[in-house]
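Everything below concerns the one structure shown next.
Below, chains carry the letters A, B, ... as their sequence lines are ordered, and counting in each starts from 1.
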Protein chains: 2
Amino acid sequence: MNNLISIKSATLSEDIAQQLTNAIVQGHIPQGSKISEPELAKQYGVSRGPLREAIVKLEGLGLVTRTANVGARVIQLNTQDMLDTFTMREALEGMAARLAASTMPADEINSLYSLLDKHQAHLDANQDEHYVQQGGNDDFHLRIIHASGNAKLIRLLTEELYAVIRMYRRHTADQRSDPRQALREHKAILDAIANHEGDLAELLMRRHISRASQLLKQAMEHSSVASRT
Amino acid sequence: MNNLISIKSATLSEDIAQQLTNAIVQGHIPQGSKISEPELAKQYGVSRGPLREAIVKLEGLGLVTRTANVGARVIQLNTQDMLDTFTMREALEGMAARLAASTMPADEINSLYSLLDKHQAHLDANQDEHYVQQGGNDDFHLRIIHASGNAKLIRLLTEELYAVIRMYRRHTADQRSDPRQALREHKAILDAIANHEGDLAELLMRRHISRASQLLKQAMEHSSVASRT
DNA sequence: TCAAGTTAGATTGTCGACAATTTATTGGTT
DNA sequence: AACCAATAAATTGTCGACAATCTAACTTGA
């Protein structure tokens, strides 16, 4: 069903890993479900070899858990794990904001201000409809992370943790969030960075993420999705 | 050469991953060297299947880098990567200390004070010889991390990042470090935790790690090891 | 002598099949 | 009817072999 959208990668294993990641994040493979190697191999038209390598990669990304001689299962989103993950985000993205405050070049900062203006215009035009900034270069948080200049931090946040974070964002749909409030917070963070106030930038980024996690928590507790607490 | 010390795991792949990790961290497989699948497979007496899975895992741990159709190479320690990694540690372990300050039970705190007394006694008895706290339950940092109670944070720091950190610790041997100063800093951090002063605990932990990274930086710049800057 | 193209060798990527383990089914006993 | 043991089916773990790709050696020409 999914081998139509085949992202050409150098190796089959990477390809499968990419497709499986998307399938899990977007919910095509349901949470908690078992990963059957023969079934998926047939579905994607590959042998079990590269498929297994892909599964090992997904385990590293925290998207599946594996048990020896039993197999892999897709993770179950639950409130506690979400809070734990977002606490890590607080620490890491807070640090990213701090670093950005001392290294981000002026033209990059201006470019980010333009991006926020664009978001503002979108809200004005679309009656506060939530702006879906899924992954791309329009994602404020990704831009800050990259501006940190710390290669290890960038890799960790954008390659290893991002899939899970996207999963939480998606499955709870951010329905309770207030986009205008989020935008105000983004602006405040950027102001701190522009003024080279690292302490403040870190503090604001932390509060911003903390607030988002509290909203997510409420959303999760009031929805059928992901309740295994 | 290494299949004598075979740590019995449920699966060959895990076994190999474990042994390869140790071999790399301890320098038996030199930095920057190529990982030859046929060679290692013969050496460990397994086929290439589980070996490849192990290599994929090592890539996730950041111990090797892989290139499609070319193969895997052991990472090269260099000053910039070390600084980037330790900046992440600052953020993460700082957060761990903060969390520990609000959740660590009294008996655990007392147990940690005893550990620091033990370290003190060791320094008194052995003329300030550096106390090798390699990984075990005697490692102050690991104890704090576990006391955070954040499962995601624990996994990230102790399973995914720890191998690389151990590599830096080992290859530079901490020769310039002052064990008594480090011990004083540990005590100050623990005091803050005991007093439930999260802000202070985080601040002190950050300074402590920052200081360690500066020492490591000097050590690396004055040694032949790991200079590719 | 050096450079580029070509060929030979070796290594990685992928596959299908077998062995080991787990899970499901069946049958028997209390 | 429910529980346990034994067997059958299915799944995971491992292996050896082939195909695709890269690396190194060799040849050829300027």
Using atom OH of Y44(B) as one end and atom C1' of dT14(D) as the other, report the distance to the nearest whole Å.
-> 18 Å
Taking CD from E37(A) and C1' from dT22(C), how many angstroms apart are they, rounded to a whole number?
-> 13 Å
Kindly say if T11(A) contacts the phosphate of dT14(C), meaning a side-chain N or O under 4.0 Å from OP1 or OP2.
-> yes
Just to confirm, is there a sub-4.0 Å distance from OP1 or OP2 of dT22(C) to any side-chain nitrogen or oxygen of K34(A)?
-> no
For DNA chain D, determine which residues of residues 46-53 of chain A have any heavy atom closer than 4.0 angstrom to one of its atoms, and list them numerically.
-> R48(A), R52(A)
Where along residues 59-72 of chain B does a heavy atom come under 4.0 Å from DNA chain D, residue by residue in number order?
-> N69(B), V70(B)
List the atom pairs, with distances to 0.1 Å, where a side-chain N or O of residues 91-101 of chain A and a protein N or O form a donor-acceptor pair under 3.5 Å, not counting sequence neighbours.
| residue | atom | partner | partner atom | Å |
| --- | --- | --- | --- | --- |
| E93(A) | OE1 | H141(A) | ND1 | 2.8 |
| E93(A) | OE2 | R89(A) | NE | 2.8 |
| E93(A) | OE2 | R89(A) | NH2 | 3.1 |
| R98(A) | NE | E202(A) | OE1 | 2.5 |
| R98(A) | NH1 | D199(A) | OD1 | 2.9 |
| R98(A) | NH2 | D199(A) | OD1 | 3.0 |
| R98(A) | NH2 | E202(A) | OE1 | 2.6 |

Which word best sums up how the rings of F140(B) and H186(B) line up, parallel for under 30°, tilted for 30 to 60°, or perpendicular for over 60°?
-> parallel
Would you mind reading off the bend of the helix from dT1(C)-dA30(D) to dT30(C)-dA1(D) from its two end axes, five pairs each, to 10 degrees?
-> 10°
Counting any heavy atom closer than 4.0 Å, what does I35(B) reach on the DNA or RNA strands: base, sugar-phosphate only, or nothing?
-> sugar-phosphate
Rounded to the nearest 0.5 Å, how far does CD of E39(B) lie from NZ of K34(B)?
-> 9.5 Å
Identify all pairs in which a protein N or O lies below 3.5 Å from an N or O of nucleotides 5-9 of chain C, and state each distance.
none

Partners meeting side chain to side chain donor-acceptor pair (under 3.5 Å) with E90(B) (sequence neighbours left out) | none
